[in-house]
> 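Structure below; questions to follow.
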Amino acid sequence: MEKTLVLIKPDAFEAHHVGDIIKMYEGIGLRIAAMKLLQMDERLASIHYAEHIGRPYYEPLVSFMTSGPIVAMVLMGEDAIHRVRELHGKTNPAEAADGTIRKLYATDGRKNAVHASDSPESANREIHIFFNETEIYD
Ligand code: ADP
Ligand code: MG
């Protein structure tokens with residue numbers, strides 16, 4: 001069983017889409033292995049988004065991601081990393097396919113409702129930014 005790190009971003013939390021989004025993960029047969037509500041600070045955001053430091057969108061991304069509570073989750077299931085990325089859709093909701101979470105709930109290419117790990121390596125790294133092993137029920 002593969003695990004992946006998902007964040008429901010401040011825009012989707014603020015708009016009360018948390019329940020509908022979680023329902024979509026469970027709807028494709030994924031199981032919640034860990035979950036918490038938290039507000040990121042700049043340090044946490046810089047660790048999570050380390051590969052993006054220096055990009056033109058980085059500073060506004062950090063401002064956005066630290067602007068309010070988020071839901072952090074570990075989702076578990078067969079091919080979870082790929083299947084969650086497919087369910088989320090493209091980064092820019094204007095390019096996201098119908099029925100994807102970003103098509104349904106994202107505002108723009110920054111305020112795009114959700115984050116998901118993009119590889120087994122990033123999943124392992126990102127899961128342990130947000131969760132201790134004792135908090136993961138796999
Ligand atoms: P994804 O979240 O789809 O894996 P990236 O890893 O490329 O996308 O980027 C991380 C996050 O940074 C995006 O989800 C989005 O919030 C923000 N971002 C990326 N590219 C842009 C951009 N061109 N303009 C504004 N925000 C961006
Ligand atoms: Mg990414």
Side-chain angles (χ1 to χ4, degrees):
M1 283 294 172
E2 197 169 64
K3 281 177 265 182
T4 189
L5 187 277
V6 164
L7 304 177
I8 302 178
K9 296 186 178 185
D11 58 331
F13 179 85
E14 175 73 22
H16 302 194
H17 294 315
V18 170
D20 289 331
I21 291 171
I22 291 175
K23 193 175 177 68
M24 291 176 76
Y25 302 131
E26 292 193 324
I28 63 167
L30 297 170
R31 178 164 97 59
I32 299 167
M35 181 159 67
K36 65 175 71 164
L37 192 66
L38 72 146
Q39 185 160 356
M40 296 176 96
D41 60 16
E42 284 191 27
R43 182 182 160 278
L44 187 61
S46 73
I47 294 168
H48 176 67
Y49 282 123
E51 68 183 296
H52 301 280
I53 292 172
R55 303 277 169 79
Y57 58 80
Y58 177 75
E59 294 295 340
L61 172 63
V62 170
S63 295
F64 164 56
M65 289 301 295
T66 59
S67 67
I70 63 167
V71 178
M73 316 170 62
V74 177
L75 295 178
M76 200 169 96
E78 201 172 319
D79 201 22
I81 295 169
H82 176 72
R83 289 171 65 221
V84 170
R85 298 276 302 182
E86 289 286 306
L87 181 62
H88 282 188
K90 293 262 181 70
T91 307
N92 184 342
E95 298 168 6
D98 284 349
T100 61
I101 290 174
R102 282 168 166 169
K103 181 72 169 192
L104 286 165
Y105 301 120
T107 303
D108 56 37
R110 175 178 307 119
K111 296 181 176 177
N112 58 3
V114 282
H115 164 86
S117 308
D118 63 8
S119 68
E121 294 70 30
S122 65
N124 186 53
R125 188 184 78 85
E126 292 171 1
I127 285 168
H128 293 99
I129 294 170
F130 292 91
F131 297 99
N132 299 316
E133 274 305 324
T134 56
E135 297 173 307
I136 301 170
Y137 296 87
D138 57 0

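Just follow the structure's listing: the first ligand is 1, and inside any ligand the first atom is 1. Given the structure is predicted, the values throughout are model-derived calculations rather than measurements.
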> Are any of the side-chain heavy atoms of Y105 and M24 separated by less than 4.5 Å?
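Contact flag for Y105/M24 side chains = yes.
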> So does E14 have more than 12 non-hydrogen atoms from other groups sitting under 6.0 Å from CD?
no
> Is any side-chain heavy atom of F130 closer than 4.5 Å to a side-chain heavy atom of M35?
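Result no, sub-4.5 Å side-chain heavy-atom pair not found.
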> Output the set of protein residues with a heavy-atom contact under 4.0 Å to ligand 1, ordered first by chain identifier and then by residue number.
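Residues K9, Y49, H52, Y57, L61, R85, T91, R102, G109, R110, N112 each place a heavy atom under 4.0 Å from ligand 1, listed by chain and number.
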> What orientation do H115 and Y49 show, parallel under 30°, tilted 30 to 60°, or perpendicular over 60°?
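Ring orientation of H115 relative to Y49: perpendicular.
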> Does Y137, at its OH atom, have more than 12 non-hydrogen atoms belonging to other residues, nucleotides or ligands within less than 6.0 Å?
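For Y137, atom OH is not crowded (no more than 12 foreign heavy atoms under 6.0 Å).
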> Rounded to the nearest 0.5 Å, how far does CG of L87 lie from CD1 of I28?
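Those atoms lie 4.5 Å apart.
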